[in-house]
There are 2 protein chains.
Amino acid sequence: MEEKKYCYRYPHPAVTTDCVIFGFDGVSIKVLLVQRGIDPHKGKWALPGGFLKMDETAEECARRELCEETRLQSTTVEQFHTFTSVDRDPRERVITIAHYALVRLSEVRGGDDAAKAEWFSLDEIPCLAFDHDRILRMATARLKERICFEPIGFELLPEIFTMPELQNLYEAILEVKFDRRNFYNKMLKLGILTEAEERPKNASRRIPCKYRFNAAKYKELKQKGFRLEF
Amino acid sequence: MEEKKYCYRYPHPAVTTDCVIFGFDGVSIKVLLVQRGIDPHKGKWALPGGFLKMDETAEECARRELCEETRLQSTTVEQFHTFTSVDRDPRERVITIAHYALVRLSEVRGGDDAAKAEWFSLDEIPCLAFDHDRILRMATARLKERICFEPIGFELLPEIFTMPELQNLYEAILEVKFDRRNFYNKMLKLGILTEAEERPKNASRRIPCKYRFNAAKYKELKQKGFRLEF
DNA sequence: AATTTTTGCGTAAAATAAACACATAAAATT
DNA sequence: AATTTTATGTGTTTATTTTACGCAAAAATT
(Lines give C-alpha, C1' and ligand atoms only; values in the text may rest on other atoms or scores of the structure.)
Protein backbone atom coordinates (compact mmCIF):
# COMPACT_ATOMS: atom_id res chain seq x y z
CA MET A 1 0.00 0.00 0.00
CA GLU A 2 1.49 3.23 -1.15
CA GLU A 3 1.77 6.03 1.33
CA LYS A 4 -0.87 8.74 1.27
CA LYS A 5 1.43 11.66 1.53
CA TYR A 6 -0.57 14.58 0.11
CA CYS A 7 -2.53 15.99 3.02
CA TYR A 8 -4.96 18.86 3.36
CA ARG A 9 -7.01 20.43 6.13
CA TYR A 10 -10.19 19.98 4.15
CA PRO A 11 -11.26 17.19 1.83
CA HIS A 12 -10.36 17.69 -1.84
CA PRO A 13 -11.97 15.99 -4.78
CA ALA A 14 -9.81 14.40 -7.44
CA VAL A 15 -9.88 16.26 -10.75
CA THR A 16 -9.65 14.68 -14.17
CA THR A 17 -10.16 15.83 -17.72
CA ASP A 18 -11.94 13.80 -20.37
CA CYS A 19 -11.78 14.43 -24.07
CA VAL A 20 -14.40 13.73 -26.72
CA ILE A 21 -12.32 13.43 -29.87
CA PHE A 22 -14.38 13.98 -33.00
CA GLY A 23 -13.37 12.97 -36.52
CA PHE A 24 -15.12 12.85 -39.88
CA ASP A 25 -14.61 10.14 -42.47
CA GLY A 26 -16.54 11.82 -45.27
CA VAL A 27 -19.81 10.18 -44.31
CA SER A 28 -20.31 10.26 -40.57
CA ILE A 29 -18.97 11.77 -37.39
CA LYS A 30 -16.68 9.49 -35.41
CA VAL A 31 -15.60 9.50 -31.79
CA LEU A 32 -12.46 7.93 -30.40
CA LEU A 33 -12.99 5.61 -27.45
CA VAL A 34 -10.52 3.59 -25.41
CA GLN A 35 -11.10 0.33 -23.65
CA ARG A 36 -10.40 0.53 -19.94
CA GLY A 37 -7.59 -1.71 -18.71
CA ILE A 38 -8.25 -1.33 -15.00
CA ASP A 39 -11.12 -1.21 -12.59
CA PRO A 40 -13.53 0.36 -12.11
CA HIS A 41 -15.39 -0.46 -15.32
CA LYS A 42 -12.50 -2.61 -16.54
CA GLY A 43 -13.10 -3.69 -20.15
CA LYS A 44 -15.70 -1.04 -20.80
CA TRP A 45 -15.26 1.63 -23.44
CA ALA A 46 -14.59 5.13 -22.18
CA LEU A 47 -13.52 8.59 -23.25
CA PRO A 48 -9.78 9.23 -23.15
CA GLY A 49 -8.96 11.06 -19.97
CA GLY A 50 -6.77 11.28 -16.94
CA PHE A 51 -5.87 13.09 -13.78
CA LEU A 52 -4.98 16.75 -13.80
CA LYS A 53 -1.37 17.38 -12.86
CA MET A 54 -0.56 20.18 -10.48
CA ASP A 55 1.49 22.12 -12.99
CA GLU A 56 -0.83 22.00 -15.97
CA THR A 57 -4.11 23.66 -16.89
CA ALA A 58 -7.16 21.63 -17.82
CA GLU A 59 -6.62 22.36 -21.49
CA GLU A 60 -2.99 21.26 -21.30
CA CYS A 61 -4.13 18.09 -19.61
CA ALA A 62 -6.71 17.40 -22.30
CA ARG A 63 -4.16 18.10 -25.01
CA ARG A 64 -1.73 15.71 -23.42
CA GLU A 65 -4.31 12.95 -23.53
CA LEU A 66 -5.26 13.83 -27.08
CA CYS A 67 -1.62 13.61 -28.10
CA GLU A 68 -1.19 10.25 -26.38
CA GLU A 69 -4.05 8.84 -28.42
CA THR A 70 -3.59 10.51 -31.78
CA ARG A 71 -0.06 12.00 -31.84
CA LEU A 72 -1.65 15.29 -32.81
CA GLN A 73 -0.12 18.38 -31.27
CA SER A 74 -2.14 21.27 -32.58
CA THR A 75 -5.86 20.99 -32.92
CA THR A 76 -8.93 22.62 -31.56
CA VAL A 77 -9.48 21.59 -27.95
CA GLU A 78 -12.22 23.25 -26.01
CA GLN A 79 -13.66 22.77 -22.58
CA PHE A 80 -17.44 22.52 -22.57
CA HIS A 81 -18.66 21.35 -19.15
CA THR A 82 -17.49 20.14 -15.77
CA PHE A 83 -19.28 17.11 -14.39
CA THR A 84 -19.58 16.99 -10.65
CA SER A 85 -22.13 14.38 -9.58
CA VAL A 86 -20.98 13.11 -6.21
CA ASP A 87 -21.05 9.44 -7.14
CA ARG A 88 -19.41 9.60 -10.55
CA ASP A 89 -16.58 7.32 -9.44
CA PRO A 90 -16.85 4.56 -6.86
CA ARG A 91 -13.28 5.06 -5.61
CA GLU A 92 -13.47 8.64 -4.41
CA ARG A 93 -15.04 11.96 -5.28
CA VAL A 94 -13.89 12.76 -8.81
CA ILE A 95 -14.96 15.73 -10.88
CA THR A 96 -14.07 15.87 -14.54
CA ILE A 97 -13.56 18.83 -16.82
CA ALA A 98 -14.85 17.64 -20.19
CA HIS A 99 -13.40 18.83 -23.49
CA TYR A 100 -13.98 18.13 -27.11
CA ALA A 101 -11.31 18.01 -29.80
CA LEU A 102 -11.66 18.17 -33.57
CA VAL A 103 -9.13 16.22 -35.60
CA ARG A 104 -8.47 15.33 -39.22
CA LEU A 105 -8.73 11.58 -39.41
CA SER A 106 -6.06 11.49 -42.13
CA GLU A 107 -3.53 13.04 -39.79
CA VAL A 108 -4.19 10.68 -36.90
CA ARG A 109 -1.57 8.05 -36.24
CA GLY A 110 -1.97 5.29 -33.70
CA GLY A 111 -1.54 6.27 -30.09
CA ASP A 112 1.47 5.17 -28.07
CA ASP A 113 -0.83 3.77 -25.47
CA ALA A 114 -1.07 0.07 -24.98
CA ALA A 115 -4.80 0.49 -24.48
CA LYS A 116 -7.07 -0.44 -27.33
CA ALA A 117 -8.55 2.58 -29.03
CA GLU A 118 -11.23 2.62 -31.72
CA TRP A 119 -13.33 5.06 -33.71
CA PHE A 120 -17.10 4.73 -33.34
CA SER A 121 -19.92 6.33 -35.27
CA LEU A 122 -22.35 8.24 -33.13
CA ASP A 123 -25.14 5.76 -33.84
CA GLU A 124 -23.15 2.73 -32.73
CA ILE A 125 -21.68 3.87 -29.45
CA PRO A 126 -21.31 0.96 -27.00
CA CYS A 127 -22.16 1.10 -23.33
CA LEU A 128 -19.72 3.53 -21.73
CA ALA A 129 -17.96 3.67 -18.37
CA PHE A 130 -18.87 6.15 -15.62
CA ASP A 131 -21.17 8.95 -16.87
CA HIS A 132 -19.38 9.11 -20.19
CA ASP A 133 -22.55 8.63 -22.21
CA ARG A 134 -23.88 11.83 -20.68
CA ILE A 135 -20.63 13.62 -21.41
CA LEU A 136 -20.70 12.41 -25.00
CA ARG A 137 -24.28 13.54 -25.49
CA MET A 138 -23.50 16.99 -24.22
CA ALA A 139 -20.41 17.16 -26.43
CA THR A 140 -22.38 16.36 -29.58
CA ALA A 141 -25.03 18.88 -28.60
CA ARG A 142 -22.34 21.51 -28.12
CA LEU A 143 -20.74 20.60 -31.45
CA LYS A 144 -24.09 21.16 -33.14
CA GLU A 145 -24.46 24.56 -31.57
CA ARG A 146 -20.92 25.66 -32.24
CA ILE A 147 -20.79 24.71 -35.89
CA CYS A 148 -23.69 27.05 -36.57
CA PHE A 149 -21.69 30.08 -35.48
CA GLU A 150 -18.01 29.24 -35.67
CA PRO A 151 -16.15 27.72 -38.61
CA ILE A 152 -14.96 24.78 -36.56
CA GLY A 153 -16.11 22.34 -39.21
CA PHE A 154 -12.98 22.95 -41.21
CA GLU A 155 -10.93 21.37 -38.44
CA LEU A 156 -12.57 18.08 -39.30
CA LEU A 157 -11.95 18.25 -43.05
CA PRO A 158 -8.69 17.99 -44.98
CA GLU A 159 -7.12 21.37 -45.67
CA ILE A 160 -8.39 21.16 -49.21
CA PHE A 161 -11.93 20.01 -49.70
CA THR A 162 -14.85 20.18 -52.09
CA MET A 163 -18.24 21.72 -51.57
CA PRO A 164 -20.05 18.36 -51.42
CA GLU A 165 -17.61 17.26 -48.72
CA LEU A 166 -18.31 20.37 -46.70
CA GLN A 167 -22.03 19.88 -47.10
CA ASN A 168 -21.79 16.25 -46.03
CA LEU A 169 -20.00 17.39 -42.89
CA TYR A 170 -22.67 19.93 -41.99
CA GLU A 171 -25.42 17.46 -42.70
CA ALA A 172 -23.75 14.77 -40.61
CA ILE A 173 -23.32 17.07 -37.62
CA LEU A 174 -26.67 18.82 -37.77
CA GLU A 175 -28.59 15.75 -38.93
CA VAL A 176 -30.44 17.65 -41.61
CA LYS A 177 -30.40 17.84 -45.40
CA PHE A 178 -29.65 21.04 -47.26
CA ASP A 179 -30.49 21.92 -50.81
CA ARG A 180 -27.20 21.47 -52.62
CA ARG A 181 -27.41 24.72 -54.57
CA ASN A 182 -28.50 26.85 -51.67
CA PHE A 183 -25.74 25.46 -49.50
CA TYR A 184 -23.28 26.22 -52.26
CA ASN A 185 -24.49 29.79 -52.71
CA LYS A 186 -24.60 30.53 -49.03
CA MET A 187 -21.15 29.19 -48.33
CA LEU A 188 -19.57 31.09 -51.19
CA LYS A 189 -21.34 34.31 -50.29
CA LEU A 190 -19.88 34.19 -46.79
CA GLY A 191 -16.52 34.92 -48.35
CA ILE A 192 -14.49 32.64 -46.09
CA LEU A 193 -13.52 30.12 -48.75
CA THR A 194 -10.65 30.42 -51.20
CA GLU A 195 -10.32 28.35 -54.36
CA ALA A 196 -7.45 26.00 -53.68
CA GLU A 197 -6.52 25.32 -57.28
CA GLU A 198 -7.12 27.22 -60.42
CA ARG A 199 -9.79 25.53 -62.40
CA PRO A 200 -8.59 24.26 -65.81
CA LYS A 201 -10.12 25.93 -68.84
CA ASN A 202 -11.62 22.73 -70.14
CA ALA A 203 -13.24 22.47 -66.80
CA SER A 204 -15.29 19.39 -66.39
CA ARG A 205 -18.40 20.25 -64.50
CA ARG A 206 -18.53 16.89 -62.95
CA ILE A 207 -15.29 17.39 -61.05
CA PRO A 208 -15.98 19.66 -58.09
CA CYS A 209 -13.95 22.77 -57.28
CA LYS A 210 -11.46 22.55 -54.48
CA TYR A 211 -11.51 25.06 -51.64
CA ARG A 212 -9.67 25.86 -48.48
CA PHE A 213 -10.81 27.78 -45.43
CA ASN A 214 -9.60 31.38 -45.44
CA ALA A 215 -8.89 32.04 -41.78
CA ALA A 216 -7.60 35.57 -42.37
CA LYS A 217 -10.73 36.58 -44.20
CA TYR A 218 -12.90 35.04 -41.52
CA LYS A 219 -11.09 36.93 -38.79
CA GLU A 220 -11.53 40.17 -40.69
CA LEU A 221 -15.24 39.61 -41.24
CA LYS A 222 -15.78 38.58 -37.66
CA GLN A 223 -14.27 41.81 -36.38
CA LYS A 224 -16.74 43.70 -38.51
CA GLY A 225 -19.36 41.84 -36.55
CA PHE A 226 -20.83 39.17 -38.72
CA ARG A 227 -22.09 35.79 -37.64
CA LEU A 228 -22.11 32.52 -39.54
CA GLU A 229 -25.73 31.54 -38.85
CA PHE A 230 -26.62 28.13 -40.17
CA MET B 1 -2.08 24.85 13.45
CA GLU B 2 -4.96 22.65 12.53
CA GLU B 3 -4.23 19.07 11.63
CA LYS B 4 -4.08 18.14 7.94
CA LYS B 5 -6.11 15.01 8.12
CA TYR B 6 -7.36 14.52 4.56
CA CYS B 7 -4.67 12.57 2.78
CA TYR B 8 -4.33 11.21 -0.75
CA ARG B 9 -1.76 9.24 -2.74
CA TYR B 10 -1.64 11.94 -5.38
CA PRO B 11 -1.89 15.70 -5.09
CA HIS B 12 -5.41 17.12 -5.38
CA PRO B 13 -6.33 20.65 -6.27
CA ALA B 14 -8.84 22.52 -4.17
CA VAL B 15 -12.15 23.10 -5.97
CA THR B 16 -14.34 26.15 -5.54
CA THR B 17 -17.35 27.58 -7.33
CA ASP B 18 -17.81 31.25 -8.08
CA CYS B 19 -21.05 32.88 -9.05
CA VAL B 20 -21.62 35.92 -11.23
CA ILE B 21 -24.99 37.17 -10.02
CA PHE B 22 -26.70 39.39 -12.58
CA GLY B 23 -29.53 41.79 -11.87
CA PHE B 24 -31.32 44.50 -13.85
CA ASP B 25 -32.56 47.74 -12.36
CA GLY B 26 -34.47 48.93 -15.41
CA VAL B 27 -31.52 50.79 -16.85
CA SER B 28 -28.38 48.74 -16.58
CA ILE B 29 -27.10 45.29 -15.78
CA LYS B 30 -25.76 44.90 -12.28
CA VAL B 31 -23.41 42.38 -10.72
CA LEU B 32 -23.22 41.50 -7.05
CA LEU B 33 -19.73 41.64 -5.55
CA VAL B 34 -18.54 40.97 -2.04
CA GLN B 35 -15.61 42.51 -0.24
CA ARG B 36 -13.10 39.95 0.93
CA GLY B 37 -12.61 39.81 4.67
CA ILE B 38 -9.51 37.61 4.66
CA ASP B 39 -6.27 37.25 2.81
CA PRO B 40 -5.34 36.74 0.08
CA HIS B 41 -6.67 39.90 -1.53
CA LYS B 42 -8.20 41.05 1.75
CA GLY B 43 -10.35 44.13 1.20
CA LYS B 44 -10.64 43.62 -2.53
CA TRP B 45 -13.96 43.05 -4.26
CA ALA B 46 -14.65 39.55 -5.50
CA LEU B 47 -17.33 37.27 -6.88
CA PRO B 48 -19.28 35.34 -4.26
CA GLY B 49 -17.85 31.84 -4.05
CA GLY B 50 -16.57 29.11 -1.83
CA PHE B 51 -15.23 25.61 -1.55
CA LEU B 52 -17.08 22.67 -2.96
CA LYS B 53 -18.29 20.29 -0.28
CA MET B 54 -17.88 16.58 -0.80
CA ASP B 55 -21.57 15.85 -0.80
CA GLU B 56 -22.79 18.56 -3.16
CA THR B 57 -22.58 19.15 -6.88
CA ALA B 58 -21.08 22.31 -8.32
CA GLU B 59 -24.52 23.71 -9.05
CA GLU B 60 -25.68 23.01 -5.51
CA CYS B 61 -22.59 24.75 -4.22
CA ALA B 62 -23.20 27.79 -6.42
CA ARG B 63 -26.85 27.89 -5.33
CA ARG B 64 -25.83 27.74 -1.72
CA GLU B 65 -23.62 30.79 -2.17
CA LEU B 66 -26.31 32.57 -4.14
CA CYS B 67 -28.75 31.93 -1.32
CA GLU B 68 -26.33 33.17 1.28
CA GLU B 69 -26.01 36.46 -0.54
CA THR B 70 -29.54 37.04 -1.80
CA ARG B 71 -31.83 34.66 0.13
CA LEU B 72 -33.11 33.47 -3.23
CA GLN B 73 -33.82 29.77 -3.52
CA SER B 74 -34.99 29.22 -7.05
CA THR B 75 -33.39 31.04 -9.89
CA THR B 76 -31.46 30.25 -13.00
CA VAL B 77 -27.95 29.12 -12.13
CA GLU B 78 -25.76 27.83 -14.89
CA GLN B 79 -22.19 26.73 -15.07
CA PHE B 80 -20.26 28.35 -17.91
CA HIS B 81 -16.54 27.68 -17.51
CA THR B 82 -13.96 26.15 -15.22
CA PHE B 83 -10.86 28.22 -14.61
CA THR B 84 -7.71 26.24 -14.02
CA SER B 85 -4.65 28.48 -14.31
CA VAL B 86 -2.05 27.00 -12.02
CA ASP B 87 -1.35 30.21 -10.12
CA ARG B 88 -4.88 31.44 -9.58
CA ASP B 89 -4.49 31.34 -5.81
CA PRO B 90 -1.25 31.95 -3.90
CA ARG B 91 -2.17 29.50 -1.15
CA GLU B 92 -2.50 26.32 -3.13
CA ARG B 93 -3.71 25.02 -6.47
CA VAL B 94 -7.37 26.04 -6.72
CA ILE B 95 -9.61 25.52 -9.70
CA THR B 96 -12.97 27.19 -9.79
CA ILE B 97 -16.16 26.20 -11.55
CA ALA B 98 -17.75 29.49 -12.57
CA HIS B 99 -21.52 30.00 -12.76
CA TYR B 100 -23.82 32.82 -13.54
CA ALA B 101 -27.17 33.46 -11.89
CA LEU B 102 -30.06 35.67 -12.98
CA VAL B 103 -32.10 37.29 -10.24
CA ARG B 104 -34.94 39.77 -9.90
CA LEU B 105 -33.53 42.69 -7.97
CA SER B 106 -36.89 43.32 -6.35
CA GLU B 107 -36.85 39.87 -4.79
CA VAL B 108 -33.35 40.15 -3.37
CA ARG B 109 -33.09 40.65 0.35
CA GLY B 110 -29.83 41.32 2.12
CA GLY B 111 -27.55 38.35 2.57
CA ASP B 112 -26.98 36.81 5.97
CA ASP B 113 -23.30 37.17 5.45
CA ALA B 114 -21.38 39.64 7.54
CA ALA B 115 -19.33 40.48 4.46
CA LYS B 116 -20.14 43.68 2.67
CA ALA B 117 -21.95 43.05 -0.61
CA GLU B 118 -22.80 45.60 -3.26
CA TRP B 119 -24.32 45.81 -6.72
CA PHE B 120 -22.09 47.28 -9.45
CA SER B 121 -22.89 48.33 -12.97
CA LEU B 122 -20.77 46.63 -15.60
CA ASP B 123 -19.05 49.89 -16.49
CA GLU B 124 -17.95 50.66 -12.97
CA ILE B 125 -16.50 47.38 -11.82
CA PRO B 126 -13.63 47.90 -9.36
CA CYS B 127 -10.37 46.00 -9.39
CA LEU B 128 -11.21 42.40 -8.55
CA ALA B 129 -9.45 39.67 -6.57
CA PHE B 130 -7.81 36.65 -8.20
CA ASP B 131 -8.78 36.23 -11.88
CA HIS B 132 -12.32 37.35 -11.21
CA ASP B 133 -12.21 40.09 -13.84
CA ARG B 134 -11.59 37.41 -16.45
CA ILE B 135 -14.41 35.31 -15.05
CA LEU B 136 -16.75 38.28 -15.10
CA ARG B 137 -15.87 39.14 -18.70
CA MET B 138 -16.57 35.61 -19.83
CA ALA B 139 -19.85 35.60 -17.91
CA THR B 140 -21.09 38.76 -19.62
CA ALA B 141 -20.01 37.39 -22.99
CA ARG B 142 -21.95 34.21 -22.28
CA LEU B 143 -24.98 36.18 -21.15
CA LYS B 144 -24.93 38.05 -24.46
CA GLU B 145 -24.82 34.83 -26.43
CA ARG B 146 -27.48 33.10 -24.40
CA ILE B 147 -30.06 35.85 -24.45
CA CYS B 148 -30.12 35.71 -28.24
CA PHE B 149 -31.41 32.14 -28.21
CA GLU B 150 -32.97 31.44 -24.85
CA PRO B 151 -35.59 33.53 -23.05
CA ILE B 152 -33.40 33.97 -20.01
CA GLY B 153 -33.98 37.70 -20.00
CA PHE B 154 -37.29 37.23 -18.26
CA GLU B 155 -35.47 35.95 -15.20
CA LEU B 156 -34.09 39.45 -14.76
CA LEU B 157 -37.41 41.27 -15.07
CA PRO B 158 -40.37 41.35 -12.71
CA GLU B 159 -42.98 38.75 -13.53
CA ILE B 160 -45.10 41.46 -15.08
CA PHE B 161 -43.34 43.91 -17.30
CA THR B 162 -43.88 46.31 -20.17
CA MET B 163 -42.47 46.22 -23.65
CA PRO B 164 -40.17 49.20 -23.10
CA GLU B 165 -38.76 47.47 -20.03
CA LEU B 166 -38.08 44.34 -22.03
CA GLN B 167 -36.42 46.34 -24.76
CA ASN B 168 -34.28 48.22 -22.26
CA LEU B 169 -33.09 44.89 -20.92
CA TYR B 170 -32.13 43.57 -24.34
CA GLU B 171 -30.40 46.80 -25.22
CA ALA B 172 -28.51 46.84 -21.94
CA ILE B 173 -27.25 43.30 -22.36
CA LEU B 174 -26.46 43.42 -26.06
CA GLU B 175 -25.25 47.02 -26.03
CA VAL B 176 -27.23 47.95 -29.12
CA LYS B 177 -30.30 50.02 -29.89
CA PHE B 178 -33.39 48.55 -31.52
CA ASP B 179 -36.13 50.32 -33.36
CA ARG B 180 -38.93 50.45 -30.83
CA ARG B 181 -41.65 49.41 -33.25
CA ASN B 182 -39.71 46.55 -34.83
CA PHE B 183 -38.76 45.21 -31.43
CA TYR B 184 -42.37 45.39 -30.38
CA ASN B 185 -43.64 43.59 -33.47
CA LYS B 186 -40.98 40.92 -33.35
CA MET B 187 -41.52 40.13 -29.70
CA LEU B 188 -45.26 39.85 -30.07
CA LYS B 189 -45.00 37.70 -33.17
CA LEU B 190 -42.86 35.18 -31.32
CA GLY B 191 -45.95 34.27 -29.35
CA ILE B 192 -44.24 33.79 -26.00
CA LEU B 193 -45.81 36.77 -24.26
CA THR B 194 -49.21 36.91 -22.62
CA GLU B 195 -51.03 40.10 -21.75
CA ALA B 196 -50.95 40.27 -17.98
CA GLU B 197 -53.92 42.55 -17.49
CA GLU B 198 -56.88 43.32 -19.61
CA ARG B 199 -56.50 46.72 -21.11
CA PRO B 200 -59.23 49.16 -19.99
CA LYS B 201 -61.56 50.42 -22.71
CA ASN B 202 -60.57 54.00 -22.25
CA ALA B 203 -57.05 52.84 -22.79
CA SER B 204 -54.53 55.56 -22.53
CA ARG B 205 -51.94 55.02 -25.18
CA ARG B 206 -49.32 56.52 -23.03
CA ILE B 207 -49.57 53.76 -20.45
CA PRO B 208 -47.86 50.66 -21.84
CA CYS B 209 -49.43 47.20 -21.92
CA LYS B 210 -48.31 44.74 -19.30
CA TYR B 211 -47.05 41.31 -20.28
CA ARG B 212 -45.76 38.18 -18.69
CA PHE B 213 -43.56 35.44 -20.14
CA ASN B 214 -45.53 32.42 -21.27
CA ALA B 215 -43.24 29.52 -20.40
CA ALA B 216 -45.68 26.84 -21.54
CA LYS B 217 -46.04 28.41 -24.95
CA TYR B 218 -42.29 28.78 -25.28
CA LYS B 219 -41.73 25.13 -24.43
CA GLU B 220 -44.28 24.11 -27.02
CA LEU B 221 -42.74 26.25 -29.74
CA LYS B 222 -39.25 25.09 -28.89
CA GLN B 223 -40.23 21.47 -29.33
CA LYS B 224 -41.46 22.29 -32.79
CA GLY B 225 -37.96 23.50 -33.42
CA PHE B 226 -37.94 27.25 -33.43
CA ARG B 227 -35.15 29.51 -32.26
CA LEU B 228 -35.37 32.94 -30.73
CA GLU B 229 -32.72 34.63 -32.91
CA PHE B 230 -32.00 38.17 -31.86
C1' DA C 1 -25.57 4.59 -77.35
C1' DA C 2 -28.83 5.90 -74.09
C1' DT C 3 -29.66 7.03 -69.34
C1' DT C 4 -28.62 8.63 -64.91
C1' DT C 5 -25.89 11.23 -61.78
C1' DT C 6 -23.22 15.12 -60.35
C1' DT C 7 -21.71 19.62 -60.66
C1' DG C 8 -21.63 24.88 -61.62
C1' DC C 9 -24.43 28.64 -62.17
C1' DG C 10 -28.41 30.66 -62.32
C1' DT C 11 -33.56 32.91 -61.31
C1' DA C 12 -38.39 33.51 -59.40
C1' DA C 13 -41.14 33.41 -55.43
C1' DA C 14 -41.76 33.59 -50.62
C1' DA C 15 -40.60 35.01 -46.18
C1' DT C 16 -38.28 37.96 -43.16
C1' DA C 17 -36.16 42.11 -41.53
C1' DA C 18 -35.53 47.08 -41.68
C1' DA C 19 -37.14 51.69 -42.16
C1' DC C 20 -40.47 54.76 -41.22
C1' DA C 21 -45.59 57.16 -40.93
C1' DC C 22 -49.26 58.44 -37.99
C1' DA C 23 -52.76 59.02 -34.26
C1' DT C 24 -53.40 59.60 -29.45
C1' DA C 25 -53.08 61.01 -24.85
C1' DA C 26 -50.06 61.79 -20.94
C1' DA C 27 -46.50 64.68 -19.40
C1' DA C 28 -43.82 68.64 -19.67
C1' DT C 29 -43.31 73.31 -20.92
C1' DT C 30 -44.60 77.82 -21.75
C1' DA D 1 -54.72 77.23 -19.81
C1' DA D 2 -52.75 76.66 -24.06
C1' DT D 3 -48.87 74.68 -26.36
C1' DT D 4 -45.26 71.61 -27.07
C1' DT D 5 -42.96 67.44 -26.29
C1' DT D 6 -42.80 62.66 -25.39
C1' DA D 7 -44.23 57.75 -25.20
C1' DT D 8 -47.10 54.34 -26.92
C1' DG D 9 -50.02 51.25 -30.11
C1' DT D 10 -50.69 50.12 -34.78
C1' DG D 11 -49.84 50.04 -38.94
C1' DT D 12 -47.31 50.16 -44.16
C1' DT D 13 -43.67 50.22 -47.45
C1' DT D 14 -39.24 48.89 -48.88
C1' DA D 15 -35.09 46.20 -48.75
C1' DT D 16 -32.98 41.97 -47.82
C1' DT D 17 -32.65 37.24 -47.09
C1' DT D 18 -34.17 32.68 -47.55
C1' DT D 19 -36.27 29.04 -50.06
C1' DA D 20 -37.52 26.44 -54.03
C1' DC D 21 -36.34 25.06 -58.27
C1' DG D 22 -34.48 25.18 -63.55
C1' DC D 23 -30.92 24.23 -66.82
C1' DA D 24 -26.68 22.66 -69.24
C1' DA D 25 -22.68 19.77 -69.53
C1' DA D 26 -19.49 16.23 -68.42
C1' DA D 27 -18.82 11.92 -66.08
C1' DA D 28 -20.50 7.57 -64.66
C1' DT D 29 -23.64 3.86 -65.32
C1' DT D 30 -26.43 0.83 -67.82
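Just so we're clear, the structure is a prediction, and the values are computed from it rather than from any experiment.
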Handout entry: B:E59, B:E65, B:E60 screened by side chain to side chain donor-acceptor pair (under 3.5 Å) with B:R63, the one that passes
Key = B:E59
Exercise for the section: Drop me the distance from A:L228's CG to A:Y218's OH, to the nearest 0.5 angstrom. Expected result: 5.0 Å
Exercise for the section: Could you check if a side-chain atom of B:T57 sits within less than 4.5 angstrom of a side-chain atom of B:L52, using non-hydrogen atoms only? Expected result: no
Problem - Donor-acceptor pair (no angle test) under 3.5 Å: B:R206 side chain, D:dG9 base - result: no
What protein N or O atoms touch nucleotides 16-20 of chain D N or O atoms at under 3.5 angstrom, if any, and at what distances?
unit_1: D:dA20; atom_1: N7; unit_2: A:N182; atom_2: OD1; d: 3.3
unit_1: D:dA20; atom_1: N7; unit_2: A:N182; atom_2: ND2; d: 2.9
unit_1: D:dA20; atom_1: N6; unit_2: A:N182; atom_2: OD1; d: 3.1

Contacts table for residues 219-226 of chain B: side-chain donor-acceptor under 3.5 angstrom, sequence neighbours left out:
unit_1: B:K222; atom_1: NZ; unit_2: B:E150; atom_2: OE1; d: 3.4
unit_1: B:K222; atom_1: NZ; unit_2: B:E150; atom_2: OE2; d: 3.4

Practice task
Mind calculating the distance between CZ (A:R180) and P (D:dC23) to the nearest angstrom?
Solution key: 14 Å
Practice task
Decide if the gap between the ring center of B:F161 and the ring center of B:F24 is smaller than 6.0 angstrom.
Solution key: no
Practice task
Report the distance from atom CD1 of B:I207 to atom P of C:dA26, rounded to the nearest whole Å.
Solution key: 7 Å
Exercise for the section: Please report, rounded to the nearest Å, how far the C1' atom of D:dG9 is from the NZ atom of B:K210. Expected result: 15 Å
Exercise for the section: Not counting sequence neighbours, which residues clear side chain to side chain contact (heavy atoms under 4.5 Å, CB included) with B:R64? List them please. Expected result: B:K53, B:E56, B:C61, B:E68
Exercise for the section: Not counting sequence neighbours, list each pair that qualifies as a salt bridge (charged side-chain N to carboxylate O under 4.0 Å, His left out) and has a residue in residues 19-34 of chain B. Expected result: B:D25-B:K30
Pairs under 3.5 angstrom, nitrogen or oxygen only, protein versus nucleotides 13-15 of chain C, please.
none

Exercise for the section: Please report, rounded to the nearest Å, how far the C1' atom of C:dT16 is from the CZ atom of B:F226. Expected result: 15 Å
Problem - Close residues, residues 157-172 of chain A, relative to DNA chain C [heavy-atom separation under 4.0 Å] - result: A:P164
Problem - Distance in angstrom units between B:M187 CE and C:dA17 P, rounded - result: 12 Å
Practice task
Check the distance between D:dC21's C1' and A:F178's CZ and give it to me in whole angstrom.
Solution key: 18 Å
Exercise for the section: Using atom CG of B:L193 as one end and atom C1' of D:dG9 as the other, report the distance to the nearest whole Å. Expected result: 15 Å
Problem - Heavy-atom side-chain proximity of B:V15 to B:I97 below 4.5 angstrom - result: yes
Fill in the blank from the handout: From CZ of B:F230 across to C1' of C:dA18 the rounded distance in Å is 14 Å
Handout entry: Residue pair A:F80 / A:E145, side-chain heavy-atom distance below 4.5 Å
Key = no
Problem - Centroid-centroid under 6.0 Å between B:F183 and B:Y170 rings - result: yes
Handout entry: Side chains of A:T16 and A:T96, donor plus acceptor under 3.5 Å
Key = yes
Practice task
Output yes when at least one side-chain N/O atom of B:Y184 is less than 4.0 Å from OP1 or OP2 of D:dT8, else no.
Solution key: no
